[in-house]
Amino acid sequence: MTTQTEQPPRLFEGREPVFPQRVSGWYRRLKWWLMIFTLGIYYITPWIRWDRGANLPDQAVLVDLANARFFFFWIEIWPHELYFVAGLLIMAGLGLFLFTSALGRVWCGYACPQTVWTDLFILVERWVEGDRNERIRLLRAKWSFRKARLRITKWVIWLLIALATGGAWVFYFADAPTLLRELITGQAAMVAYGTIAILTATTFLFGGFLREQVCTYMCPWPRIQAAMMDEDSLTVAYRDWRGEPRGKLGKAEGDCIDCMACVNVCPQGIDIRDGQQVECITCALCIDACDTMMEKIGKPRGLIDYCALSDEPLERAGVTPKTIWQHILRLRNFIYFGLWSLIGVAMVVALFIRSDFSASIKPDRNPRFVTLSDGTLRNAYDLKISNQTGAAREFHLSIKTDDPLRLDLQGVDGMNITVPADETMHQRIYVFAKPEYETSRMDNAPIRFWVEDRASGERNHVDSFFAGDPK
């Protein structure tokens with residue numbers, strides 16, 4: 001039982017703001033180039049034009065929700081071809097498995113959107129408020145005109161970046177120039193403004209304020225990746241056998257002089273010398289910082305480096321460890337790469353051999369059949385034909401069964417249907433079975449509809465059934 005003067009125990013540790021210090025080096029340059037590349041793809045792609053002919057959008061990458069289609073340069077994905085999207089998602093998952101098995105959390109450290117936008121926001125923060133020490137002093141300083149001016153300047157730039165981020169996202173779902181004009185003139189749909197507002201707010205919050213908390217607490221990927229890494233996976237690590245016991249320059253027995261450079265540059269605010277940690281995103285900035293310091297004091301580089309857990313006992317014993325390529329080119333990674341390649345090849349083959357049209361037929365369920373005055377049974381079906389080309393095409397419909405059933409197209413003379421370019425047509429069709437036919441006395445008699453492209457001669461079939469009266 002606590003007294004009135006006792007404070008209740010704290011259930012969690014309060015967040016300490018993280019102010020990464022500026023660092024230069026090979027990995028930092030790599031991250032800059034990847035940030036420019038990924039942000040360039042995200043912001044520029046909706047503005048790339050692609051001529052697909054008349055009556056089709058000329059945006060290279062477009063998710064056309066209104067017409068339920070996805071355009072990617074010369075590729076057009078229709079709703080019934082969503083298996084391509086599923087294949088891409090599977091390839092993305094296998095790709096993450098492959099990179100994680102080979103190089104640890106390399107995705108998180110270099111290409112994850114949270115990492116990329118956080119890097120951009122930190123760059124703005126450093127440009128406005130100064131490097132690490134200046135930002136710490138500004139945080140601890142009392143509010144003044146200068147502090148308010150710097151804070152507001154930084155937040156305004158962050159907000160503009162976040163607004164551009166949310167705006168770029170909606171351009172993937174409509175013609176970008178048209179939507180931009182509608183957004184500016186206030187004529188766009190409310191869902192567009194709502195989407196931009198939500199993405200602007202989340203980008204501003206995640207990149208500017210939550211930062212490392214998103215990676216540590218909100219993202220499930222660190223926990224998943226732990227199950228995909230083993231002792232041969234490369235990751236950023238501290239060679240404690242070489243660095244310990246650490247101490248100040250001139251007094252340290254190991255190579256580590258406890259300069260804290262690796263800690264000061266870490267965007268996650270951790271100490272890599274404490275060993276493997278779930279917070280580490282393997283961005284390798286600590287490698288750049290430590291290598292720079294080792295060069296200054298005349299020590300070999302690599303005190304912090306990409307290495308595997310299986311290398312440690314070999315290095316301690318003075319034995320040459322495996323090379324990086326030996327860690328990467330191993331059976332487990334070859335299996336991941338083989339599965340990834342197999343799905344990719346299958347998707348490419350399916351893309352080139354797919355038909356230019358598709359057909360589906362759905363029988364009426366209520367009523368299942370209608371009995372006419374002469375005893376003939378009639379079944380009704382809904383036919384849907386998608387013409388996936390840029391020209392109108394004529395299709396011939398026929399039926400194959402054991403009995404000579406009659407086929408009729410509602411409102412159409414004959415068995416030919418013309419479908420406009422790049423459209424889907426719905427057609428009501430009827431199938432008639434005379435009472436003496438075996439088909440009319442079966443509950444579900446199998447039948448096959450054939451749809452033939454009159455120009456190319458290509459044929460597709462759809463299997464269905466005829467609902468008869470077995471009594």
Side-chain angles (χ1 to χ4, degrees), residues 18-35 99-110 115 119 122 131-133 225 229-330 333:
V18 178
F19 298 103
Q21 190 171 21
R22 183 180 180 274
V23 64
S24 60
W26 191 89
Y27 294 105
R28 179 64 269 182
R29 289 192 295 272
L30 175 62
K31 282 173 66 65
W32 286 138
W33 282 111
L34 286 176
M35 185 180 77
F99 281 113
T100 302
S101 176
L103 299 170
R105 295 182 62 184
V106 64
W107 162 260
C108 298
Y110 296 90
T115 297
D119 262 2
I122 292 176
D131 205 358
R132 171 182 165 82
N133 292 336
Q225 284 183 317
M229 295 175 62
D230 58 22
E231 65 277 1
D232 278 322
S233 299
L234 291 171
T235 188
V236 175
Y238 166 67
R239 291 187 167 97
D240 59 343
W241 59 267
R242 172 185 152 186
E244 301 298 325
R246 72 185 76 159
K248 298 300 179 182
L249 182 61
K251 298 180 180 180
E253 297 182 30
D255 285 352
C256 179
I257 60 173
D258 206 19
C259 63
M260 301 296 289
C262 58
V263 179
N264 294 338
V265 302
C266 179
Q268 295 294 106
I270 63 172
D271 190 340
I272 192 65
R273 297 171 298 177
D274 293 338
Q276 299 264 325
Q277 298 162 71
V278 71
E279 295 88 353
C280 179
I281 59 174
T282 66
C283 64
L285 296 182
C286 53
I287 297 178
D288 285 337
C290 186
D291 284 348
T292 300
M293 187 57 64
M294 290 297 105
E295 288 181 351
K296 289 181 178 179
I297 65 174
K299 298 287 186 178
R301 296 161 61 97
L303 179 59
I304 300 176
D305 204 354
Y306 270 104
C307 55
L309 293 178
S310 60
D311 293 337
E312 181 183 0
L314 298 176
E315 291 184 353
R316 284 181 181 275
V319 180
T320 303
K322 294 181 181 178
T323 65
I324 291 179
W325 288 111
Q326 285 177 314
H327 285 294
I328 295 176
L329 302 178
R330 53 197 179 102
N333 297 337

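In this text, all values refer to a predicted model and were calculated from it rather than measured experimentally.
In the displayed structure, Ile324 atom CD1 is contacted under 6.0 Å by at most 12 heavy atoms of other residues, nucleotides or ligands.
Both tests pass for Arg28 against the ring of Trp32: distance under 6.0 Å to the centre and angle within 45° of the axis.
The distance from atom SG of Cys290 to atom CD1 of Ile257, rounded to the nearest 0.5 Å, is 9.0 Å. Between Met294 atom CE and Ile304 atom CD1 the span is 8.0 Å, to the nearest 0.5 Å. The distance from atom SG of Cys283 to atom CG of Asp119, rounded to the nearest 0.5 Å, is 8.0 Å. Between atom CD1 of residue Ile287 and atom SG of residue Cys307 there is a gap of 8.0 Å, rounded to the nearest 0.5 Å. In this structure, SG in Cys256 is found 9.5 Å from NZ in Lys248, a value given to the nearest 0.5 Å. Distance check, rounded to the nearest 0.5 Å: CD of Glu312 to CG of Leu314 gives 10.0 Å.
Residues Lys322 and Asp232 are paired through a salt bridge, judged by an N-O separation under 4.0 Å between the basic side chain and the carboxylate. For the pair Asp288 and Lys31, the salt-bridge criterion is not met [side-chain N within less than 4.0 Å of a carboxylate O]. Checked for salt-bridge contact, Arg22 and Asp131 miss the test: no charged N lies under 4.0 Å from a carboxylate O. Under the 4.0 Å criterion applied to side-chain N and carboxylate O atoms, Arg239 and Asp311 are not assigned as salt-bridge partners.
Counting heavy atoms from C-beta on, the side chains of Ser101 and Arg330 come closer than 4.5 Å. Contact check for Asp305 versus Val236: no side-chain heavy atoms found under the 4.5 Å cut-off. Between Ile272 and Cys280, the closest side-chain pair of non-hydrogen atoms falls below 4.5 Å. Contact of the Pro267 side chain with the Pro20 side chain is registered, since non-hydrogen atoms from C-beta on lie closer than 4.5 Å. Contact check for Val263 versus Ile270: no side-chain heavy atoms found under the 4.5 Å cut-off. By the 4.5 Å heavy-atom criterion applied to side chains, Ser233 and Leu103 are not counted as neighbours. When side chains are defined from C-beta on, Met260 counts as touching Arg273, because their heavy atoms get closer than 4.5 Å. Gln276 is listed as a side-chain neighbour of Thr235, based on a closest heavy-atom distance under 4.5 Å.
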Margin query: What verdict does the side chain to side chain contact (heavy atoms under 4.5 Å, CB included) test give for Cys266 and Leu285, after you've listed the backbone C-alpha separation in whole Å, the side-chain angles of each residue and the deciding distance to 0.1 Å?
Written below: CA-CA 7 Å; Cys266 179; Leu285 296 182; over 6 Å; no

Next item on the list: In sequence, state the C-alpha distance, the side-chain angles, and the governing distance for Lys296 and Asp291, and then conclude on salt bridge (charged side-chain N to carboxylate O under 4.0 Å, His left out).
Entry: CA-CA 9 Å; Lys296 289 181 178 179; Asp291 284 348; over 6 Å; no

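Judged purely by atom type and a 3.5 angstrom limit, Glu295 has no side-chain atom pairing as donor or acceptor with the backbone of Thr292. Side-chain N or O atoms of Thr100 include none that pairs as donor or acceptor with a backbone N or O of Arg105 at under 3.5 Å. Between the Gln268 side chain and the Thr282 main chain, no donor and acceptor come within less than 3.5 Å of each other. In this structure a side-chain-to-backbone donor-acceptor pair under 3.5 Å is missing from Thr115 to Tyr110. Panel note: side chain Arg132, backbone Phe19; a donor-acceptor pair is recorded below 3.5 Å.
In this structure, Tyr27 has its ring center under 6.0 Å from that of Tyr306.
Remark: the Tyr238 side chain and the Glu244 side chain contain an N/O donor-acceptor pair separated by less than 3.5 Å. Donor-acceptor pairing under 3.5 Å is recorded for the side chains of Glu315 and Trp241. Side chains of Asn333 and His327: a donor-acceptor N/O pair is absent below 3.5 angstrom, by distance only.
Between Cys259 and Asn264, the closest heavy-atom pair is O-ND2, 4.5 Å.
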